[in-house]
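Comments concern the structure below.
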Amino acid sequence: MAFNRRAHYENAENTPSNPEVRSPIGEIIERRFSRRGFLKGAGSAGLGAAAIGAMNPLAAAMAAEGDGLDRFAFDEIRHGVDTTHHVAPGHDAAVLIRWGDPLFADAPAFDPHDQQADVQERQFGYNNDYVGFVPLEGRLDRGLLVVNHEYTNEELMFPGLPGPQDEHDFSGITAEMTEIEKAAHGLSVVEIRRQGGRWSYVQDSRYNRRITPRSTEIALGGPVAGHARVRTDADPEGRRVIGTLNNCAGGMTPWGTILTCEENFHGYFLGDATHHPEKDKLARYGVPGASYSWGRHDARFDITREPNEPNRFGWVVEIDPLDPASTPVKRTALGRIKHEGAATLIAEDGRLVVYMGDDQRFDYVYKFVSRDVVNTAEPAANRDLLDHGTLYVARFDAEGGVTWLPLVHGEGPLTADNGFASQADVLIDTRLAADALGATPMDRPEDIEANALTGDVYVMLTNNNERGEDQVDAANPRAENLFGHVLEIVTEGRHTATENRWEVLVCCGDPSQGEVGTTWNPATSENGWFASPDNCVVDARGRLWVTTDQGDKWPKSGTADGVWALETEGERRGTGKMFFRVPIGAEMCGPCFTPDDTALFVAVQHPAADGAEAFPGHSGRSSFETPATRWPDFEDGMPPRPSVVAITRHGGGTVG
């Protein structure tokens, strides 16, 4: 079987220097699982509605609408694995845009046998993850789709190129291929419109834009800008970076800009760290990850030649999609980690809060609280709001409390004596600072979303097969956690507080496998359970939707990835329901609703990749060599292209 670069750099051992070890206390999870059980009785239902209603009247109505009701009206689909996608009855799922589709009038139609870097920068990029929708002129049938292009699969991109056999195998990857890969990374901004109930993209819209690590200049903002540790030969002032890469999940600010998150940046760097001045600091981030050949052809991705370049990645980047000429900014005050997402909301005192996860086994959950309040009347006044504020990391205690520990230079162990000479050092070495504060090592914190109606925050913990029995704790209750869980932070509307509460919403996996230790609501059907939660979204009605990424482990669950509805309230709390399923080898990313919930956009990433060799009749991951007859739904014998799919309800109306 070919070497899986993605699995390598996502799962490489890179644990904290001082992970906390706790004893198993699963009974706390059991006791807390029915937190909203107080909604069951008529009298107590009023108490629950009143408590939630203090934060939002719509939330009160949601809580009081009745116990045992299924707030998701669709008929669910079945588990399975095949070569096409499936959606719940009564809905349409149509490909909106795919890798290689031309964004501009001068861009040719996609030809996999004639790829060029300059052309790719005029076409839609590869491997879509986060999807954001920005309405245009206040209309909900016209807007901008902002899509991350996380990484590339060379063996699926380039006809005839075999998959790598190990982590150091770059055979056949030329300098031109490297430039094409760079051009396929980053983001696309593209105008879309709905006509006759169907969404389509607008070629050559004045808003269309590609942002890539090949050519796009990005500013460094916040405390790290200009610091000696981000200066390079190409940028001696340390204030301009070419590009953003490995953009995973993201978020949208209240003033309409997009936050895109740099995740597994370590995999792009080559070189020998033996004599590097920051050897130990690089190791905490897994640099050099050697997952790509870029360092062979571009000096800045070789740490031997450009030792500071890794410090210029791993940030949250703010982009204004409404201004194609604007310069994106890396907001360094939000810390340097393997960012998965950036969920924003305006807190009780008017300041902005951003919730973030660091997607690696035994890493942490963070939040950022701005110094200044959000100016809702003048969006432009918030231009630099994310450059000033306090970054916190979470410690989850055994009794259900969350303590947010400030990552502030000079406080506690974050001093020069411990290697943190300034706030810039704290932010560049965010993981090391969080280690020093004793944050709780989690099971791969990926996407995080906040429910504006209830005040609750949902944390997707994808999996952690390396957690031992002696490392189980209350917030990570299973050893060898193959299937992940969903954690809920209960803020009660206090998002700026340094103390909140937490609960486990559900432990994922197949409940028929007793040894797995799931905690689904009994109302969950045989198709309603899922494994490895990754991205999530809360719709306008306050309902939680979860997408999954099992990687090449899907044969253990026996089902492909997809979209599930997950109930968070009342008697059905913890009930899953399957809505959408991806083709073989894909993961499910980017769930994004239009503000009126009449369309759901999802990203089908790397179809025919993860675990495809386990599919009957498939010859392996070199999918260009697979006969078209074995993939009847694929065109010209090539694997399906990564795409964004638009889901709508037959005849109109809200999705789900």
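For F580, the ring-ring contact (aromatic ring centres under 6.0 Å, His included) criterion is met by H85, not counting sequence neighbours. Residues satisfying the salt bridge (charged side-chain N to carboxylate O under 4.0 Å, His left out) test with D387, not counting sequence neighbours, are R331.
The salt bridge (charged side-chain N to carboxylate O under 4.0 Å, His left out) pairs that include a residue from residues 588-602 are R541-D597, where partners are two or more places apart or lie in different chains.
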Would F396 and N476 count as a side-chain contact (heavy atoms from CB on, under 4.5 Å) if you check the C-alpha gap in whole Å, the side-chain angles of each, and the deciding distance to 0.1 Å?
CA-CA 10 Å; F396 298 88; N476 302 276; over 6 Å; no

Using side-chain contact (heavy atoms from CB on, under 4.5 Å), reason through N465 and R361 one step at a time and then give a plain yes or no.
CA-CA 9 Å; N465 64 334; R361 293 172 301 197; 3.0 Å; yes

Test side chain to side chain donor-acceptor pair (under 3.5 Å) applied to K338 and H266, step by step
CA-CA 9 Å; K338 293 179 182 177; H266 65 294; 3.2 Å; yes

Would Y151 and E263 satisfy side-chain contact (heavy atoms from CB on, under 4.5 Å), going step by step from the backbone distance to the final call?
CA-CA 10 Å; Y151 66 98; E263 191 191 20; over 6 Å; no

Does the side chain to side chain donor-acceptor pair (under 3.5 Å) test come out yes or no for N500 and W404, once each step is laid out?
CA-CA 8 Å; N500 293 128; W404 295 99; 3.0 Å; yes

Stepwise side-chain contact (heavy atoms from CB on, under 4.5 Å) test for V602 and I647:
CA-CA 8 Å; V602 294; I647 300 174; 4.1 Å; yes

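Annotation for P555 and D552: closest pair CD-O, 3.3 Å, computed over non-hydrogen atoms. For the pair Y285 and R431, the tightest heavy-atom approach, listed with the atom from each and the gap, is OH-N, 3.1 Å. Residue L407 comes nearest to A433 through the heavy atom pair CD2-CB, 3.5 Å, listed as atom of the first residue, atom of the second, then distance. Among all heavy-atom pairs drawn from C507 and G517, the shortest one is CB-O, 3.8 Å. Here the closest non-hydrogen pair linking E348 and G493 is OE1-O, 2.9 Å. Among all heavy-atom pairs drawn from S370 and L385, the shortest one is CB-CD2, 3.5 Å.
A donor-acceptor pair shorter than 3.5 Å can be found between the side chains of N535 and E340.
Atom CG of L386 is separated from atom OG1 of T253 by 7.5 Å, given to the nearest 0.5 angstrom. Atom CD of Q550 is separated from atom CD of E587 by 10.5 Å, given to the nearest 0.5 angstrom. The OG1 atom of T344 sits 14.5 Å away from atom NZ of K367, with the distance rounded to the nearest 0.5 Å. Of the inter-residue distances, the one linking C248 atom SG with D447 atom CG reads 8.0 Å to the nearest 0.5 angstrom. Taken from CE in M460 to CG in L505, the straight-line distance is 7.5 Å, to the nearest 0.5 Å. Separating the OH atom in Y130 from the OG1 atom in T260 is a distance of 8.5 Å, to the nearest 0.5 Å.
Inter-residue side-chain proximity for F601 and T594 is flagged as met; some heavy-atom pair is nearer than 4.5 Å. W502 has its side chain out of reach of V365: every pair of non-hydrogen atoms, C-beta onward, lies at least 4.5 Å apart. Contact of the V604 side chain with the M588 side chain is registered, since non-hydrogen atoms from C-beta on lie closer than 4.5 Å. Contact annotation: the side chain of R351 approaches that of V373 to within less than 4.5 Å [non-hydrogen atoms, C-beta and beyond]. Contact check for Y458 versus D456: side-chain heavy atoms found under the 4.5 Å cut-off. Side chains of Q605 and N128 form no contact here, defined as non-hydrogen atoms less than 4.5 Å apart. Residues T518 and R478 are in side-chain contact: their nearest non-hydrogen atoms beyond the backbone lie under 4.5 Å apart. Counting heavy atoms from C-beta outward, L427 and R336 have side chains that stay 4.5 Å or more apart.
Side-chain rings of F530 and W520 approach one another, their centers coming within less than 6.0 Å. For H339 and Y366, the ring centers are positioned 6.0 Å apart or more. W529 and F483 have their aromatic ring centers separated by at least 6.0 angstrom.
Salt bridge present: D363 and R284 bring a charged side-chain N and a carboxylate O closer than 4.0 Å. Between E569 and R71 no salt bridge is recorded (no basic side-chain N to carboxylate O distance below 4.0 Å). Salt-bridge check for R78 with E526: passed, with a basic side-chain N closer than 4.0 Å to an acidic carboxylate O.
In the displayed structure, D75 atom CG is contacted under 6.0 Å by at most 12 heavy atoms of other residues, nucleotides or ligands.
Using cut-offs of 30° and 60° on the angle between ring planes, the pair F72 and W545 is perpendicular. Ring-plane geometry between F579 and F74 is classed as perpendicular, the angle between the planes exceeding 60 degrees on a 0 to 90 degree scale with a lower cut at 30.
Remark: the backbone N or O of G656 is paired with a side-chain donor or acceptor of H91 at under 3.5 angstrom. Within the 3.5 Å criterion, the main-chain N or O of H606 finds a donor-acceptor partner in the side chain of N127. Counting only distance, with no hydrogens or angles, the side chain of N246 and the backbone of E262 share no donor-acceptor pair below 3.5 Å. At least one donor-acceptor pair under 3.5 Å links the side chain of T491 to the backbone N or O of G455. With hydrogens and angles disregarded, no donor-acceptor distance shorter than 3.5 Å links the side chain of W564 to the backbone of A531. No donor-acceptor distance shorter than 3.5 angstrom exists from the side chain of T547 to the backbone of G562, with no hydrogens or angles considered.
Among N463, L487, N481, the one residue that satisfies the side chain to side chain contact (heavy atoms under 4.5 Å, CB included) test with D443 is N481. Paired with R444 under the rule side chain to side chain donor-acceptor pair (under 3.5 Å), one option of D359, N464, D534, T462 passes, and it is D359. A side chain to side chain donor-acceptor pair (under 3.5 Å) with Y364 holds for exactly one of D435, T440, D358; it is D435. For the salt bridge (charged side-chain N to carboxylate O under 4.0 Å, His left out) criterion with R501, the lone passing option out of E488, E399, E492 is E492.
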